Amino acid sequence: MENRDQKVITFHSQYAAFLFRKRYGEGCVLRPVPRSLSSSCGTAAFVEGEVSGELLEGAEAMYEKDGDLWRMIWKEQD
Amino acid sequence: MELREKHRLAITGAVIGAISVLLVVLGNPKNMGFCIACFIRDIAGGMHLHTAPIVEYMRPEIIGIILGAFAISVITGDFRPRSGSSPVLRFVIGFFVMIGALVFLGCPLRMVLRLAGGDMNAFVALLGFIAGIGVGCIFLSNGFSLGRANEATRLEGAAFPAATIFVFVMFLAFPSLFLFSESGPGSMHAPVVASLAAGLVVGILAERSRLCMAGGIRDIFLIRDFTLILGFVAIFIAALIGNLLTGSFSLGFADQPVSHDKHLWNFLGMMLVGLGSVMLGGCPLRQLILAGEGSGDSVSAVLGMLFGAAAAHNFSLASSAGTGPGTNGKAAVIVGLIVLIAIASLVTVKERRKYGRD
């Protein structure tokens, strides 16, 4: 599933991840947060399409694949 | 990348399983190379928090785990002090996790080590652990969350590892300040250097791999992901091989080391541990690792476990090897399940209101 267009969204809670998957629909897979992004063992959403802002309620940050790394492209404002 | 994470977990699990067998060879009680709950209980005794004479010793393994996680997280940048995610609730949950573990006589890690030693009572406990995680997952998928943690100062994050170092230095310099069992499980231990080194290795590896005895089963329930469970499986296989090689494997329910065969209470005790671990976001081992990474909330959970261990022996809540729990212990497990389900229900209702959904 990993390719250059892939995005990962991390969340503050499991429930927020479930809500995101429900709203996003097809093309969203929930998996453990990549170790390179966090030492937490929470759940992240992996998507390959665009992600509109209103879907990101409860999200912590969004990353885009950049070579072998994940580059942050959005972060929740405090 | 995913493959690398799986390799890391499998290697971590295999090393922990092998170290656990080695520590038994070096002197730790059978099937107790590592047990987070038992060792925190021994530390509670060593620090005069309870006076059960057979379970008093300042286990260097626990100190090593915290300091190993602290050191590697500072080096790799994972040290991110934070706190404020319902610390008092985490203390209460940690308290009852310890009660459940001491009614079964082991944390989830020792449950796997007991299984690898042929102790079938641990299989009954595993079913309870899975059931508890299942109940916890129902709450998680319906909105349960203990809330966000806020960033804290580096001083705040380093305070617990520093306190751990202070206690350990005092233990080495002034051992007469602490209590030492002369018989029973507390009197059986590997040399201090070996125990500390083992703890450091486990702390480092568990921090890097995010090993969690509850997280693997939780992820299977919630997202059908089998990554985290690899560590759990690898510990079992490595310890099983080690036990077979050292002649420590004995299949059955009766006469297992530091255990009892009261099936209902093995099941319910670990159900309480499973539910509490999901609510805390990780098993007792994981709480130590997170405390080393600077999580004040996990320090609250660890202190809750320490307090729970003291209460378990001061109020006769812990099981006795061979005979199982008494009336107080049985009542404490039931109360614990009621309290944790009540907390989970109240928090879940509140969180769902926050998201504006039924």
Side-chain angles (χ1 to χ4, degrees), chain A residues 1-48 54-61 63-72 75-78, chain B residues 1-2 4-6 8-9 69 72-73 76-80 82 85 136-137 139-151 206-212 214-216 218-219 222-228 231 278 281-283 286 289-290 292-295 348 351-352 354-357:
Chain A
M1 165 147 182
E2 291 189 8
N3 65 42
R4 297 187 71 84
D5 298 325
Q6 195 176 28
K7 295 181 180 70
V8 170
I9 300 104
T10 57
F11 302 90
H12 290 292
S13 70
Q14 302 272 349
Y15 188 55
F18 297 140
L19 282 182
F20 178 86
R21 179 173 63 182
K22 192 173 167 187
R23 291 175 197 156
Y24 193 89
E26 285 289 307
C28 172
V29 178
L30 297 184
R31 285 159 47 187
V33 177
R35 180 65 183 87
S36 56
L37 293 185
S38 171
S39 63
S40 105
C41 53
T43 299
F46 289 68
V47 299
E48 294 196 3
E54 65 266 26
L55 291 179
L56 293 172
E57 180 192 355
E60 183 182 28
Y63 303 83
E64 192 172 53
K65 195 82 174 170
D66 186 1
D68 287 336
L69 303 173
W70 292 104
R71 181 171 54 88
M72 185 186 289
K75 189 174 190 309
E76 180 201 32
Q77 300 299 311
D78 289 330
Chain B
M1 185 170 67
E2 189 188 340
R4 203 162 62 210
E5 288 179 21
K6 287 181 175 174
R8 194 183 285 162
L9 269 161
I72 196 67
S73 65
T76 60
D78 281 337
F79 182 69
R80 296 191 184 112
R82 57 212 177 276
S85 168
C137 286
F139 285 110
L140 279 184
S141 59
N142 281 285
F144 177 80
S145 165
L146 286 175
R148 300 178 190 183
N150 302 311
E151 282 188 23
E207 198 281 336
R208 295 311 298 154
S209 65
R210 302 186 291 191
L211 181 89
C212 177
R218 178 204 63 192
D219 280 358
L222 286 182
I223 55 174
R224 305 284 181 264
D225 185 278
F226 292 79
T227 305
L228 276 178
V278 168
C283 67
R286 183 86 181 131
I289 299 298
L290 292 171
E293 284 182 357
S295 167
T348 300
E351 287 294 311
R352 286 179 76 95
K354 199 163 76 183
Y355 279 97
R357 284 159 200 280

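Predicted model only: the values in this text are computed from it and were never measured. Sequence lines set the chain letters: A, B, ... in the order given, protein chains first and strands last, and positions in each chain run from 1.
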Determine whether the side chains of B/Glu293 and A/Ser39 contain a donor N or O and an acceptor N or O closer than 3.5 Å.
-> yes
Side chain proximity check, B/Asp219 to B/Thr227, heavy atoms < 4.5 angstrom | no
Flag the one option from A/Arg21, A/Gln14, A/Glu60 with the top tally of heavy-atom pairs under 4.5 Å to chain B.
-> A/Gln14
Taking side chain as C-beta onward, heavy atoms only, is B/Thr348 less than 4.5 Å from A/Tyr15?
-> no
With under 30° as parallel and over 60° as perpendicular, where do the rings of A/Phe11 and A/Phe20 fit, or are they tilted in between?
-> tilted
B/Arg218 side chain to B/Cys137 backbone, donor-acceptor under 3.5 Å = no
Residue part contacting chain A, namely of B/Arg224, when any heavy atom lies under 4.5 Å = neither
Counting only heavy atoms closer than 4.5 Å, note whether A/Ala17 contacts chain B via side chain, backbone, both or neither.
-> neither
Atom group of B/Leu146 that falls short of 4.5 Å from chain A, counting heavy atoms = neither
Which of B/Gly143, B/Ser145, B/Gly281, B/Ser85 touches chain A most, by non-hydrogen pairs under 4.5 Å = B/Gly143
